[in-house]
Amino acid sequence: MSSGGLELPPGDSGRDEGGSTDTPPSAVSLARPVDTSSQIGPELNWGADAWREVRTRAQRAGRAYIWLNLVEQRLRAVVAAVLRPIYEPVHGDDWVVAAAGPAGQEWVQRAVAVREVSRRKGYLLDPADDNVLSFLTLPQLRELMVQHWPCFEPYFDDRRDVELALDELEVTRNVVSRNRALSETVLAQAERASSRLLEILGGDAEVPSARRLPVDAVEDIVGDRYADVVGVHSDRVRLLRQFPAEDLFGGARRLDAIGIGLNLLVQNFSGRRLLRLAEAGGRVRLLFLNPASSAVKRRERELGLKRGELSRSVEMNILHMRRVRARLRDPGAFQIHVFDETPRFTAYMVDGDGADGVAVIQSYLRRARGMEAPVLVLRSGSRVVKADEARGGEHGLFETYREEFESVWADSRPVS
């Protein structure tokens, strides 16, 4: 068999065994083509499972990379802010080399060499990166911090907290840098460690609502792509699994809710907690669909419920909220209204009058109960990050639903 997939003719032994002797000894026969379609090797096309696995790996690695990038940039800024004023007046542009000292000569010289190669090949696209510090890795930045801890000590409470967080990140850094598979557990650990480390290093996003809905690194980077939507859940069960009612409503300064029966609030947040919230200075406005309206009857038919079943459920929720209101010294802090329009959505807006608001929004589907409808979680303040300042005046979805609530509230009737 030749390298081109052609079968060569047999030698003299073939003629001795009865083969044809008509061909002169000096002649060379043409090679016969051979079908090689079954001999190429393994199938290279990927199926759905293979692509799903690759996408999952890429998504996890991408999230981890964003966290690691944020931490590395923040740590680089901290190292420069603390050590530069000490070494630069004496050593000039070589202050990083001087700060590394004899113990760090090997890795700092490697960083200097990489910088020179990047200069020659045109890899330095931003003049701000044309310095040795930009070429140090996370472990090397950590080494500078540890070597000069007395310089950093006034700014941080506990060196051990910083080192433990960096230790937890090292596994993820190695996996991502080598493009290996990253498990959900390790990714979650990296996200917690990164968030903690950024907080220690003073790099927190300082979004007011972060205490209620922590800012994710991906949201912080590409949040402007999705207006102010920071979470999507296929139903309310999955929402409550990741975002319990206590986390949503607990400590609220203001709570506005509109819907048919407001079950998310009434059935998942106790009346005692609502009472304490109002007594602590909170303001509550609840807007129920009028249980006697024709809209309730239409909704019962849509869901296939018995006549009066939905209206009784709404009445029970309203009575429960009235009992809570009756126990308040200031009933004006707890207002209950009903509306008669066709219900289009349910919304729970917490602290929606400020920059730290969070909202849970559900649209009503014809054949699905509220518990089964998709859920959007919104953060007020338009966008966490505005990629284009020219669009800074645009409102996100939060403002749209808040205005709709105010419009319905203006046309609603109070419940005595």
Side-chain angles (χ1 to χ4, degrees), residues 49-82 96 100 104 106-108 110-111 114 118 123 129 132-149 152 155-207 210 213-223 225-226 230-232 241-243 384-385:
D49 292 341
W51 275 113
R52 190 180 302 112
E53 174 66 19
V54 168
R55 290 191 181 101
T56 299
R57 287 189 176 203
Q59 288 170 351
R60 292 176 183 171
R63 295 185 70 90
Y65 176 80
I66 290 176
W67 279 111
L68 290 168
N69 195 291
L70 288 172
V71 169
E72 184 173 310
Q73 292 193 56
R74 181 56 191 161
L75 188 57
R76 185 177 292 125
V78 169
V79 169
V82 174
V96 178
E106 180 180 349
W107 50 261
V108 79
R110 190 183 309 121
V114 174
S118 298
Y123 295 158
D129 290 333
V132 177
L133 190 65
S134 296
F135 290 87
L136 297 185
T137 63
L138 197 58
Q140 293 162 358
L141 292 168
R142 170 186 182 168
E143 187 63 26
L144 278 178
M145 191 179 219
V146 170
Q147 286 181 18
H148 301 81
W149 183 253
F152 293 89
Y155 304 99
F156 305 106
D157 296 331
D158 192 348
R159 168 179 169 177
R160 181 171 174 78
D161 284 348
V162 177
E163 293 205 67
L164 284 176
L166 287 168
D167 283 339
E168 291 182 358
L169 286 182
E170 192 58 25
V171 174
T172 306
R173 192 188 71 85
N174 276 281
V175 170
V176 172
S177 64
R178 289 164 175 78
N179 200 23
R180 302 290 186 261
L182 190 66
S183 68
E184 288 188 18
T185 303
V186 176
L187 175 59
Q189 173 183 304
E191 291 184 335
R192 287 193 300 269
S194 298
S195 180
R196 172 63 178 151
L197 194 55
L198 288 172
E199 182 181 351
I200 294 173
L201 297 175
D204 187 34
E206 296 183 356
V207 176
L213 181 63
V215 179
D216 179 82
V218 178
E219 174 196 349
D220 212 6
I221 297 297
V222 297
R225 287 188 58 193
Y226 308 106
V230 294
V232 180
R241 188 179 301 156
Q242 298 183 21
F243 199 16
V384 176
V385 177

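Everything quoted here is computed from the prediction, not taken from an experiment.
Remark: Y65 OH is loosely packed, at most 12 non-hydrogen atoms of other residues, nucleotides or ligands lying under 6.0 Å away. For CG of D157, the number of neighbouring non-hydrogen atoms (other residues, nucleotides, ligands) closer than 6.0 Å is 12 at most.
Scanning for side chain to side chain contact (heavy atoms under 4.5 Å, CB included) contacts around A165 gives L197, with sequence neighbours left out.
Side chains of L136 and R76 form no contact here, defined as non-hydrogen atoms less than 4.5 Å apart. Counting only heavy atoms from C-beta outward, the side chains of R159 and V146 approach each other to under 4.5 Å. Contact check for V78 versus F152: side-chain heavy atoms found under the 4.5 Å cut-off. Residues L68 and T172 have side chains in contact (heavy-atom distance under 4.5 Å, counting atoms from C-beta outward).
If you check the side chains of Q140 and W107, you find no donor sitting under 3.5 Å from an acceptor.
The shortest non-hydrogen separation linking Y155 to V82 is CE1-CG2, 4.0 Å. For the pair V71 and L138, the tightest heavy-atom approach, listed with the atom from each and the gap, is CG1-CD1, 4.1 Å. Closest non-hydrogen pair, D158 versus W149, comes out as C-CZ2, 4.3 Å. Nearest heavy atom pair, residue A181 against residue V175, reads O-CG1, 3.4 Å.
Going from atom CG of N174 over to atom CG of L169 covers 11.0 Å, rounded to the nearest 0.5 Å. Here the straight-line distance linking atom CG of L166 with atom CG of D161 works out to 11.0 Å at 0.5 Å rounding.
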Would L182 and R57 satisfy side-chain contact (heavy atoms from CB on, under 4.5 Å), going step by step from the backbone distance to the final call? CA-CA 7 Å; L182 190 66; R57 287 189 176 203; over 6 Å; no

side-chain contact (heavy atoms from CB on, under 4.5 Å) between F135 and R110, intermediate numbers included: CA-CA 9 Å; F135 290 87; R110 190 183 309 121; over 6 Å; no

Kindly indicate, with the supporting measurements, whether the criterion side-chain contact (heavy atoms from CB on, under 4.5 Å) is fulfilled by L70 and S194. CA-CA 8 Å; L70 288 172; S194 298; over 6 Å; no

Checking side-chain contact (heavy atoms from CB on, under 4.5 Å) for the pair E72/W67: CA distance, chi angles, key distance, verdict? CA-CA 9 Å; E72 184 173 310; W67 279 111; over 6 Å; no

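Of the residues listed (E184, E53, E191), the one engaging R60 in a salt bridge (Lys or Arg N to Asp or Glu O under 4.0 Å) is E184, and it is the only one.
At least one donor-acceptor pair under 3.5 Å links the side chain of R180 to the backbone N or O of R178.
Residues in residues 167-176 take part in these salt bridge (Lys or Arg N to Asp or Glu O under 4.0 Å) pairs, two or more places apart or across chains: R142-D167, E170-R173.
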